[in-house]
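Quick note on labels: first sequence line is chain A, next is B, and so on, each numbered from 1. For the numbers below, each heavy atom of this structure counts, side chains included, while hydrogens, waters and symmetry mates do not. All figures in this text were calculated on a predicted structure; none of them were measured in a lab.
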Amino acid sequence: MTLFSERIQNGELGLEKVGETVRLLGWVQRRRDHGGLIFVDLRDRSGIVQVVFDPERMGTEFSIAESLRSEFVVSIQGQVIARPEGMINPNLVTGKIEIVAYSLEVLNGAKTPPYYLVDQVDVDETVRLKYRYLDLRRPEMQNVFKIRHRVTQIMRNFFDSQDFYEIETPMLNKSTPEGARDYLVPSRVHPGEFYALPQSPQLYKQLLMVGGMEKYFQIARCFRDEDLRADRQPEFTQLDVEMSFVEVEDILPMMEKLMVKIFAEAVGKEVSIPFPRLTYKEAMDRYGSDKPDTRFGMELIDVGDLVGKSGFKVFANVVAGGGSVKCICAKGCAGMPRREIDDLAKFVSTYRAKGLAWIVMAEEGIKSPIAKFFTEEEMAALIDLTRAETGDILFFVADTYAVVSDALGHLRLELAKRLGLIEEGSLEFLWVTEFPLLEYDDEQKRHIAIHHPFTAPMDEDLQLLESEPLKVRAKAYDMVLNGTELGGGSIRIHRREVQEQLFKLLGFSEEEAVAQFGFLMEAFEYGTPPHGGIAFGLDRMIMLLTGKDNIRDVIAFPKTQSASDLMAHAPSPVADKQIKELHIRTNIEESVADKK
RNA sequence: GGCCCCGUGGUGUAGUGGUUAACAUGCCUGCCUGUCACGCAGGAGAUCGUCGGUUCAAGUCCGAUCGGGGUCGCCA
């Protein structure tokens, strides 16, 4: 019987092993049958090595080699030899050696896989997801999970070295309003009542601080029943961190050190600290985004003052109405065909911009449908303010501040992508700080928390809480890398009075606040230390570390855009008995459920 | 919920409304002792996602539906 423990990994094989007898275990990547001589590329987690089957060296077992097919699982014993002159394969890490087999055992056969398992897959993702266990065999995928593992190990080591405790919090939680839609779990024991899966361990980690744990972290699964995106799954993983007796300045530098460690040890990239910081206002003003990509310029320029008094009614009216007019200067784009400009106008309309005005700084002079509305002086001032030069295009959006920011912020990113302005491999970290505490929701006709309702206001803005709540800034911060929000957190409220005041501002009655969060507020009365923390999106971090543009590629068993698991076929109907036990009933026709 | 894109042998693609749906690769069989995307010869494999409509005739045009992707809303 095979002793698996004697095995050596393919990737460990090199010239220094020449002459040794080894046992290899793995999958047949490819078989090249020359009749009298058979080559097999043997793949395991560590890599690929070529095995040679020669009838003169192995006798009757040679016929087994003839029967090998792709993805057969085999055990091979053989001798490592240096490849003869001229037969070295430079494309293979192990290309200087090969294994001459003298014994072969098929541990398991395999059906022909639906597609050939190599890195340059060009296969419909549906197929990859249905056969996820095959897709995961591809070296590219193996590498993702190797890095993912390393990152979580680095996190654990880091926090351990800083005296943090890793503590688990419940998956069956109380459903609370605010935030995302909950995934609900019906209770069998309490008819008509439901648990909610955690959107994040927020309340529990704060209560761990009340519980005197002082420093906590968790690599926590979170659930949000919202629509999916390229970087959003219904269940995802957060690195969740909370500390007692800290202020903003304790947390940010520590997290910077963590990033240095992760990038150095997981992918060998250098990260320089401290990270630049931008206030929320500055980020919005300059980049139209609270997660600005600073790998390129093309900042937003406010031209409101200049065009507000001009003869161009569209701009003047927006300014008069309290809106804003801004532009970005696309360097060297004067040659852009009209068709593409129209395309960009369509692009910004996605973000509710009503139009995209433009001024082309052509060699022959200014070309623009709006130029005629400006005097020569106004045009000169505009060019001066925007530093537009011959060869550039200015793109303008006039609307509310929010729409202008959103539209031009995204246009800026789109142009950078089309023009190739972003340098591969560059890492631009930054912190965005001083977020507003609240925003007004027109639909619900009430204030809602931008971060979450437990975020502490900045001390200097406390006195504005009653009079001008929308002007209050929060002790909240986001870490941004290359235009992606990696994580965010805040210093929390730790006094009952302040928390009550906040719930009131959010439109909770006293009864509602107590019903939903009474346990938290009661806890605050028993000596709660000042505390704060942060949470990072692990999946997004792995995306950035591995260069994937799709969250499904960094999750072992991901779900599709409609939240289905194509491999396991979840979700699925369940037996009537199960439904009854849970005291629930669906309003879907029986026949529909049967078909599924 | 809105908008956009995709769906043709196992896989990736081609396919003016008109014969037997083409090509590559994979698969199967045979030959082959230095290949590494091995080679050579032969073979099998598709009712074009599904349903309906227009038409003498639909893979192709129209509608619906299902599945997948991107995105806005939603989501921190």
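Atom P of nucleotide B:C38 and atom CD of A:Gln29 are separated by 10 Å, given to the nearest angstrom. Going from atom NZ of A:Lys291 over to atom P of B:C75 covers 14 Å, rounded to whole Å. Rounding to whole angstrom units, CG of residue A:Asp343 and C1' of B:C4 are separated by 12 Å. Taking atom CG of residue A:Asp225 and atom P of nucleotide B:C75, one finds them 12 Å apart after rounding to whole Å. When the C1' atom of B:G26 is taken as reference, atom CD of A:Glu71 falls 13 Å away, rounded to whole Å. Going from atom CG of A:Asp231 over to atom P of B:A76 covers 13 Å, rounded to whole Å. If you measure from atom CD1 of A:Ile551 to atom P of B:C75, you get 18 Å, rounded to the nearest angstrom. Atom C1' of nucleotide B:C74 and atom CD1 of A:Ile450 are separated by 16 Å, given to the nearest angstrom.
In this model, the phosphate group of B:U35 is not approached by any side-chain N or O of A:Arg83 to a distance below 4.0 Å at OP1 or OP2. Remark: A:Arg352 is not in phosphate contact with B:G2, judged by side-chain N or O atoms under 4.0 Å from OP1 or OP2. Contact between the side-chain N/O atoms of A:Arg30 and the OP1/OP2 oxygens of B:C38 is found at a separation under 4.0 Å. Phosphate proximity of B:G68 to A:Thr560: present, with a side-chain N or O under 4.0 Å from OP1 or OP2.
Taking atom P on both nucleotides, B:C62 is separated from B:C4 by 14 Å, rounded to a whole Å. On the C1' atoms, B:U29 is 26 Å away from B:A21, given to the nearest whole Å. With C1' as the reference atom, B:G73 and B:G15 are 39 Å apart, rounded to whole Å. Look at the P atom in both B:U25 and B:C38: the space between them is 12 Å, to the nearest Å.
Here the nucleotide nearest the side chain of A:Asp54, chosen from B:U33, B:G67, B:A76, is B:U33. The listed nucleotides are B:C75, B:G73, B:C27; the one nearest the side chain of A:Arg229 is B:G73. Closest to the A:Asp227 side chain, of the nucleotides B:C72, B:G73, B:C36, is B:G73. Distances were taken from every side-chain heavy atom of A:Asp122 (C-beta onward) to each of B:G12, B:A37, B:G69; the shortest belongs to B:G12. Nearest nucleotide to the A:Glu226 side chain, out of B:G10, B:C75, B:C72: B:C75. Residue A:Phe39 places its side chain closer to B:U35 than to any other of B:U35, B:G68, B:G69. Nearest nucleotide to the side chain of A:Asp33, out of B:U11, B:G70, B:C32: B:C32. The side chain of A:Asp41 lies closest to B:C36, out of B:U33, B:G67, B:C36.
Using a 3.5 Å distance cut-off with no hydrogens or angles, the side chains of A:Gln50 and A:Arg32 do pair a donor with an acceptor. Judged by distance alone, the side chains of A:Ser490 and A:Arg492 do bring a donor and an acceptor atom under 3.5 Å apart. In summary, the side chains of A:Tyr477 and A:Arg277 do not present any donor paired with an acceptor at a separation below 3.5 Å, with no hydrogens or angles considered. In this structure, a donor-acceptor pair under 3.5 Å is absent between the side chains of A:Ser46 and A:Asn10.
Looking at heavy-atom distances under 4.0 Å, A:Gln233 makes no contact with the nucleic acid at all. Residue A:Gly179 is in sugar-phosphate contact alone, with no base atom involved, counting any heavy-atom pair closer than 4.0 Å across all strands shown. The residue A:Arg69 sits close only to the backbone: its heavy atoms come under 4.0 Å of sugar-phosphate atoms, none of a base. A:Leu566 comes within 4.0 angstrom of sugar-phosphate atoms only, judged by non-hydrogen atoms across all strands, and of no base. Within the 4.0 angstrom heavy-atom criterion, no nucleotide atom of any strand lies near A:Arg540. A:Arg232 comes within contact range of at least one nucleobase, with a heavy-atom separation under 4.0 Å. Residue contacts shown for A:Asp124 are limited to sugar-phosphate atoms, with no base heavy atom under 4.0 Å away. Within the nucleic acid shown, A:Tyr116 has no heavy atom closer than 4.0 Å to any nucleic acid atom. At a threshold of 4.0 angstrom between heavy atoms, the contacts of A:Asn89 include nucleobase atoms, whether or not backbone atoms are also involved. In this structure, A:Gln199 reaches the sugar-phosphate backbone alone: every heavy-atom distance under 4.0 Å involves primed, P, OP1 or OP2 atoms, never a base. No contact: A:Asp549 has no heavy atom under 4.0 Å from any strand. Residue contacts shown for A:Ser562 are limited to sugar-phosphate atoms, with no base heavy atom under 4.0 Å away.
Applying the Watson-Crick and G-U wobble criteria (two distances, each under 3.5 Å), B:G45 pairs with nothing in any strand. Figure legend. B:G67 is base-paired to B:C6; pairs are counted as Watson-Crick or G-U wobble with both atom distances under 3.5 Å. Applying the Watson-Crick and G-U wobble criteria (two distances, each under 3.5 Å), B:C74 pairs with nothing in any strand. Under the Watson-Crick or G-U wobble criterion, with both distances below 3.5 Å, B:U33 is left unpaired in every strand shown. Both distances falling under 3.5 Å, in either a Watson-Crick or a G-U wobble arrangement, occur for no nucleotide opposite B:U54.
For B:C32, the base has no donor-acceptor partner in the side chain of A:Arg32 [N/O atoms by modelled type, under 3.5 angstrom].
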Full working for side chain to side chain donor-acceptor pair (under 3.5 Å) between A:His531 and A:Gln206: CA-CA 8 Å; A:His531 61 285; A:Gln206 287 191 242; 3.1 Å; yes
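Without hydrogens or angle criteria, A:Lys205 side chain to A:Val241 main chain gives a donor-acceptor distance under 3.5 Å.
A ring-centre distance under 6.0 Å is found for A:Tyr280 and A:Phe435. Taking the ring centroids of A:Tyr115 and A:Tyr131, they lie at or beyond the 6.0 Å cut-off.
Both A:Tyr115 and A:Pro84 lie near RNA chain B, and the one whose nearest nucleotide falls closer to the 5' end is A:Tyr115. Between A:Gly35 and A:Val123, the residue whose closest nucleotide on RNA chain B is further toward the 5' end is A:Val123.
For the pair A:Val348/A:His410, no side-chain contact is recorded, criterion being any heavy-atom separation below 4.5 Å from C-beta on.
Stacking between A:His34 and the base of B:U35 is absent under the criterion of ring centres within 5.5 Å and planes under 30 degrees.
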